[in-house]
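These figures come from a predicted structure and were not determined experimentally.
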Amino acid sequence: MHDLLSTPLTVLPTTTPLSPNHHKYKLTSSRWRCSSSPPLSPLRLFSVSRFRPEIDHHRHLKWRCCRCSAKTAMNAEEAPSVQFQGSLSNARACWVSKSVIAWNVEIGSGSCYLYCSRTASLVLSGDDDGIEGFDLRIKLEPGKGKLPANIVAKFPHIQDYRVYSVPDNVDVKSLLKCQLAVASFDFDGKCRNATGLQLPGVLDDLFSYVGPLGAVFSSNRISLYLWAPTAQAVSASIYRDPSGGYPFETVRLKEFNGVWSANGPGSWEGCYYVYEVLVYHPSTMRVEKCCASDPYARGLSSDARRTFLVNLDQDDLKPEGWNSLADEKPVLSSFSEISIYELHIRDFSANDQTVNPDLRGGYLAFTSEDSAGIRHLKKLSDAGLTHVHLLPTFQFAGVADEKDKWKTLDTGALVTLPPDSDEQQDQVTAIKDEDGYNWGYNPVLWGVPKGSYASIPNGSCRTLEFRKMVQALNRMGLRVVLDVVYNHLHENGPHDYNSVLDKVVPGYYLRLNPDGFIENSTCVNNTASEHFMVERLIIDDLLCWAINYKVDGFRFDLMGHIMKSTMVKAHHTLHSLSKEKNGVDGSEIYMYGEGWDFGEVAKNGRGINASQFNLHGTNIGSFNDRIRDAVLGGSPFGHPLQQGFATGLSFQPNGHDHGAKSVVHNMLATLQDHIQVGMAANLRDFVLTSHQGVEVKGSEVLTHDGLPVGYASCPTETINYVSAHDNETLFDNISLKAAIGISIDERCRINHLASSIIAFSQGIPFFHCGDEILRSKSFDRDSYNSGDWFNRLDFSYESNNWGAGLPPKEKNENNWPLIKPRLADPSFKPCRTHIMTALENFCTNLRIRYSSPLFRLRTANAIQERVRFLNTGPSRIPGVIVMSIEDGHEGMPGLAQLDPIFSYIVILFNALPSEVSFISPVLRARNLQLHPMQLSSSDELVKKSIYEVSSGSFTVPQRTTSVFVARRILLGLNH
């Protein structure tokens, strides 16, 4: 039963008054309404707070209406029977600080108690007496006023909860090791509500800790530190081997203020250990013995069963020249110089026959000096590419670390199957959880390299090989970005195989909903960076990768589920690193991520989160989905045939119903505005002329659902892209959305056009591995667990992996009717010439981008001053975007000179299936010519691009991006 006063009530009038001035009250459902008020519609109900209970000496209950003072009386024993509301399996109350518990329950003249049991013996009694089995019961006093401002800032979702004060003389730290519950009682002592408690707030208040954690090595001693303030006991079992056998030593850790520690001899180095934590776990409502690896592990046995005691500073774990790698890093003068190439470690070499079979799919494949994949990366690096973004490389679930446990397919048999068959996906799916493939978004432990990519998953091999990979990529001219997944954990609870953090401090690391259950909006087991020690773990982990592995950047998966304050603190902490003190230059570490705003964190529901709109001014980048959707059409969540600027919207329909002609025409014009804002680094204050002829800021251009397109405050806060590991590849998307009857040559030109929009935009360009070689995944929109077969890369350029069969049913079956005829049609399949041409065009785009600093402007002000869009307003040519970038002249007033070679650049993007002419009076008499890199390319079509000086007229071939430049005249010579 629950407290009567916590339930909204309504009193309905009857025709029999108790007195001339008072009306009788009648219970209906669980709501009351006062009959002395004016007649109300049935929908207008008052909460119980309008009624004040009074009990006279005859135990008569009187309810006084707080608005009209009307009274009624009834015997207390005849009070309405209200259902008990509560369960100890829930945790609807929050212990937010040492002295404050917040609960969304009113007790009126009743009472509230806190219960604890060290043995987890709390149970609800069979009657209304409340909770039994407790060791201690403490009365809580209703607080006056609202929750303190600092609590509301940290937990805004409970800002309206009632305050209950914990007495000052309570030993709170001891209670937090117990099963806990609160119960409310009405005026006559009947229990009306009961629930468990959420503890992160009080744990942060009492146990926030900045000292050592994990294994700390000194000259002749190893010390273990574990933060576990709710644990009743902790021990560590020390093993000589990574699996099997018995521990040669078990040590009990001692606690001081929530941190458990023990000292051992230096001879422990190279051994393994497992923690046993005795702790109350709310998911089972029992005190559990949880066996777990160390949350601060820096080494692991295979599959993270045991923590490996490894000293990362040992010289034998460092490749030759490791200590001086910071001085060998490729030059990075500004984050605006960055371009990013997204790559999965296994994809890179699993199919590369030029790599030693023992190294394929692992870290050391990047050290193969002359493999096909390495030659490919060198081509991109030579063209200007600066950063390789590696999909998750930490210890994740879904792939066994020991390769002899993997199941494999007979690829020789698969290649004989029809390109539109469903047999391939049947075979892939049958072993998908037992093969060697997974993207890796299943975090187990964040701070250790994944064992399956190492030659030997046990011991220190993974550390050394990871460092060799980073060193090899750096020496190739490529900096390394790690994809970090701090927004969720793969498993939870005391028994799950891959649960770690939730075994050590149950209910702390994971974000809970108002009922006390784990939030799963990220996919599963959302973490809570708003909690002090979660934030600390994230930042400590980033420091580990930056210092111990010398990585150059971090991409944050579902960054919007992390608090902005955590991201800003991480940014500041990383940028404070120095070569002299830490061996790395932290000012060159770039941070970016997915700033999507959804789930329980949406609209700052759990605090100010790191969403696109909240990150302006932080210099942290976020992915710009606006330009992606405008270029390709629709969105990953819309109809797959929805067309966009590059895929034929309005001028080459694909049969999908996009609406009336006027609607489609306006849609295309709007998308061009979105692209132009994106090409201006998606700056919120960039001013441009819209398709309606009105000057607007980027933030005033709106998406279809009314959100601003522009949100960034500087160019490095924008990551422009048209494809990534999620969703279909660029080539597959084009093959779906473009008109089905066009030729493969035209599809390839669309691929090039879309990539060029990204390459020539201000901000940071991001490319999915394979964009440059027409990569296909056979239309698989989510290939995270689709094996090597659907994720194949071919750096021999013989195939783009088109026609690998219908993609796995689970995520793609609804689209099979669209996919099957395309896969069956041989005209959709590119040949080696198409692939090689695509690669050359991609490299040409990179070389053009790095041929002038005007493509990489460093400030919002510089972009506003120098970038213009010329084909705008009502008289624009649909399907054509024209961007100009102006430079100043040394010694002349106005703009500063940035480029010693080019003084003016004009880029024309013609998405039309036919040649187009564009005249710009403002460009008349400018001495423009096609960029020399396009003139020297093998693309015969782009060479037909023409500019006439006298008229300011440009002619650009179909589906072509043409770059025109004005060379400076130096010493009377045209350079």
Please work out whether the ring planes of [X] and [Y] are parallel, tilted or perpendicular, with thresholds of 30° and 60°.
| X | Y | result |
| --- | --- | --- |
| Phe623 | Tyr721 | perpendicular |
| Phe766 | His389 | perpendicular |
| Phe954 | Tyr947 | tilted |

First locate atom [atom1] of [X], then atom [atom2] of [Y], and finally report the distance between them rounded to the nearest 0.5 Å.
| X | Y | atom1 | atom2 | result |
| --- | --- | --- | --- | --- |
| Asp657 | Gln642 | CG | CD | 10.0 Å |
| Asn871 | Ile919 | CG | CD1 | 12.0 Å |
| Tyr592 | Ile620 | OH | CD1 | 13.5 Å |

Have [X] and [Y] got a donor and an acceptor in their side chains that come within less than 3.5 Å?
| X | Y | result |
| --- | --- | --- |
| His889 | Arg968 | yes |
| Ser611 | Asn614 | yes |
| Asp705 | Thr703 | yes |
| Gln643 | His656 | no |
| Asp771 | Ser755 | no |
| Asp732 | Ser776 | yes |
| His387 | Asp552 | no |
| Glu588 | His575 | no |
| Glu840 | Thr844 | no |
| Gln762 | Arg866 | no |
| His571 | Asn619 | no |

Are [X] and [Y] close enough that their ring centres sit under 6.0 Å apart?
| X | Y | answer |
| --- | --- | --- |
| Phe902 | His931 | yes |
| Phe335 | Tyr590 | yes |
| Phe964 | Tyr904 | no |

Qualifying residues under salt bridge (charged side-chain N to carboxylate O under 4.0 Å, His left out), relative to Glu337, sequence neighbours excluded: Arg856, Arg858
Lys697, NZ: over 12 other non-hydrogen atoms inside 6.0 angstrom: no
